[in-house]
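Working notes for the structure below.
For this chain, numbers begin at 1 and follow the sequence in order. What you see below is based on every heavy atom in this structure, not just the backbone, and it leaves out hydrogens, waters and symmetry mates.
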Amino acid sequence: MMDFLFELFKWLMAGAGAVFTLAKGLKEVVSLIDMYVDLKRKLANRKNDDEKK
């Protein structure tokens, strides 16, 4: 019975680690998308400024 509980605990910890890693990766992706959108906005603003001059 103890072996079963130990294995269960091990699997739960591995699952939690995987979820944590996935969440961390998702956060990185969202950060990259945010950076890309920000860069695109800055470039669009610069283009508009050039057209106004």
Side-chain angles (χ1 to χ4, degrees):
M1 187 67 185
M2 276 308 274
D3 285 348
F4 173 73
L5 287 175
F6 183 68
E7 286 294 317
L8 187 67
F9 183 70
K10 213 162 66 173
W11 278 103
L12 282 173
M13 290 310 286
V19 168
F20 179 74
T21 305
L22 196 66
K24 208 171 167 188
L26 198 63
K27 194 173 144 191
E28 288 296 316
V29 169
V30 168
S31 171
L32 280 173
I33 291 172
D34 192 42
M35 215 163 64
Y36 172 73
V37 168
D38 194 42
L39 189 67
K40 225 174 147 182
R41 191 183 320 120
K42 282 180 181 171
L43 286 173
N45 285 345
R46 186 176 294 162
K47 198 173 180 184
N48 289 341
D49 289 345
D50 288 346
E51 287 172 2
K52 285 177 187 173
K53 287 180 184 175

* Check side-chain contact (heavy atoms from CB on, under 4.5 Å) between L26 and all other residues, then give those that pass, not counting sequence neighbours. =>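 Expected list: none.
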Tell me which pairs pass side chain to side chain donor-acceptor pair (under 3.5 Å) where either residue lies in [range], with sequence neighbours left out.
range          : value
residues 2-19  : E7-K10
residues 29-44 : D38-R41
residues 15-24 : none

* To do: Determine, using the 4.5 Å side-chain heavy-atom cutoff (strictly less than), whether L22 and V30 are members of one ILVMFWY cluster.
  =>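 Different hydrophobic clusters.
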* Asked: What's in the same ILVMFWY side-chain cluster as L32, cut-off under 4.5 Å, chained through other members?
  ->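 Other cluster members: M35.
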* Asked: Got a sec, which pairs hit salt bridge (Lys or Arg N to Asp or Glu O under 4.0 Å) with one end in residues 11-23, sequence neighbours left out?
  ->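 Listed once each, the pairs would be none.
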